[in-house]
Amino acid sequence: MHVVVNAAMSVDGKLSSRRREQIAISGPDDFDRVDQLRADSDAVMVGVGTVLADDPSLTVDDPDRRAARAERGDPPNPARVVADSRIRTPPDASVLDDSAQTYLLVSEAAPPDFIEEMEDAGAYVIAAGQDRVDLTTTLAKLEGDGIDQLMVEGGGELIFGLLDEALVDELFVYIGPKVIGGRDAPTLADGDGFIEDFPEPELAGVERVDDGVVLHWQL
């Protein structure tokens with residue numbers, strides 16, 4: 001599986017404010033770039049915190065791109081994947097609508113009634129890991145289900161977990177002209193943080209987009 005992480009952050013490295021509310025950081029050209037990345041992917045993944053904060057649909061916006069996917073034999077929208085170690089996904093979340101297949105990744109501690117509720121809402125539930133989602137195992141299961149390119153859109157806890165397991169192949173970061181600040185505001189890679197064996201991505205490209213820049217890194 002090829003894993004591509006895409007994120008937009010402020011000049012000071014924040015994904016949103018300390019309230020963890022959605023903030024417009026990029027502009028229309030970057031939105032279009034992200035839409036193309038979605039259209040090129042077999043699935044789009046987020047953590048449950050992103051679902052709770054933004055209620056995203058994770059679908060392709062451009063109808064021509066959806067049509068192009070259908071013409072090559074793919075569903076109009078990529079599958080959606082939600083990592084939810086703390087069983088917080090609401091049954092009425094937009095990612096559970098019928099726009100695309102949705103996978104919900106949970107730990108083996110997830111209660112059977114929660115799994116049943118999610119399955120009734122339309123999700124395909126994959127359980128792995130004792131207390132937290134085992135990302136290596138669940139991504140391998142997704143690959144076995146035909147997902148060859150996975151796009152990850154956040155948040156910081158999920159991105160850190162993927163980096164920690166050395167599962168990221170490419171990283172696109174849009175840096176927009178905004179300073180957010182706040183010691184409790186989410187960053188690109190939250191979680192416990194590294195104290196040694198730091199990942200060292202190789203810079204593959206820099207492009208000016210809207211009023212910011214996109215950095216392309218390879219790992």
Side-chain angles (χ1 to χ4, degrees), residues 1-7 15-16 19-22 38 41-60 69 74-169 184 186-193:
M1 178 186 288
H2 190 78
V3 177
V4 179
V5 171
N6 182 82
L15 300 184
S16 68
R19 294 180 178 177
R20 298 183 178 265
E21 299 169 340
Q22 189 175 36
R38 285 183 182 174
S41 301
D42 299 306
V44 181
M45 183 179 189
V46 295
V48 68
T50 299
V51 171
L52 293 172
D54 303 338
D55 192 27
S57 63
L58 304 181
T59 53
V60 176
R69 286 179 56 88
D74 292 332
N77 291 300
R80 288 87 60 96
V81 182
V82 178
D84 185 1
S85 292
R86 290 184 281 177
I87 56 172
R88 294 187 294 163
T89 302
D92 60 347
S94 294
V95 291
L96 294 174
D97 64 20
D98 58 2
S99 299
Q101 171 69 61
T102 298
Y103 296 86
L104 184 68
L105 313 183
V106 300
S107 74
E108 294 170 358
D113 58 344
F114 174 78
I115 293 176
E116 182 178 357
E117 181 182 37
M118 291 296 101
E119 290 176 338
D120 288 344
Y124 180 71
V125 180
I126 300 176
Q130 185 173 1
D131 297 312
R132 295 185 61 82
V133 173
D134 183 328
L135 292 171
T136 300
T137 299
T138 51
L139 263 59
K141 290 183 178 180
L142 291 174
E143 186 175 23
D145 220 18
I147 294 176
D148 295 320
Q149 176 160 310
L150 176 67
M151 178 187 178
V152 179
E153 296 197 24
E157 294 276 349
L158 174 59
I159 293 172
F160 173 78
L162 292 166
L163 289 169
D164 191 37
E165 295 293 327
L167 294 171
V168 178
D169 298 290
D184 297 323
T187 64
L188 181 68
D190 284 340
D192 295 333

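As the structure is a computational prediction, the values presented were derived from the model and not from experiment.
Interatomic distance, CZ of Arg132 versus CG of Leu105, reported as 12.5 Å (0.5 Å rounding). Distance CG/Leu139 to CG/Leu150: 5.5 Å, rounded to 0.5 Å. One distance of note links CE of Met1 with CG of Leu142; it measures 5.0 Å at 0.5 Å rounding. The line from CD1 of Ile159 to CD of Glu153 is 9.5 Å long, rounded to the nearest 0.5 Å.
Side-chain contact of Thr89 with Asp84: a donor-acceptor pair under 3.5 Å is present, judged by distance alone. In this model, a donor atom of one side chain and an acceptor atom of the other lie less than 3.5 Å apart for Asp190 and Thr187. Using modelled atom types and a 3.5 Å distance limit, the side chains of Asp145 and Tyr103 yield a donor-acceptor pair.
With a 6.0 Å radius and a threshold of 12 heavy atoms from other residues, nucleotides or ligands, Arg88 has its CZ atom above the threshold. Under a cut-off of 6.0 angstrom, the local environment of CD in Glu116 is sparse, with at most 12 non-hydrogen atoms contributed by other residues, nucleotides or ligands. Shown here is Tyr124, whose OH atom has no more than 12 heavy atoms of other residues, nucleotides or ligands within 6.0 Å. Surrounding CZ of Arg69 are more than 12 heavy atoms belonging to other residues, nucleotides or ligands, all under 6.0 Å away.
Listed for the Asp42 side chain is a donor-acceptor partner under 3.5 Å among the backbone atoms of Gln149. Distance alone, capped at 3.5 Å, places no donor-acceptor pair between the Thr137 side chain and the Asp134 backbone. Between the side chain of Arg80 and the main chain of Ala43, no donor-acceptor pair closer than 3.5 Å is present.
Two residues are said to be in side-chain contact when any heavy atoms from C-beta on lie closer than 4.5 Å; Thr50 and Asp55 fail this criterion.
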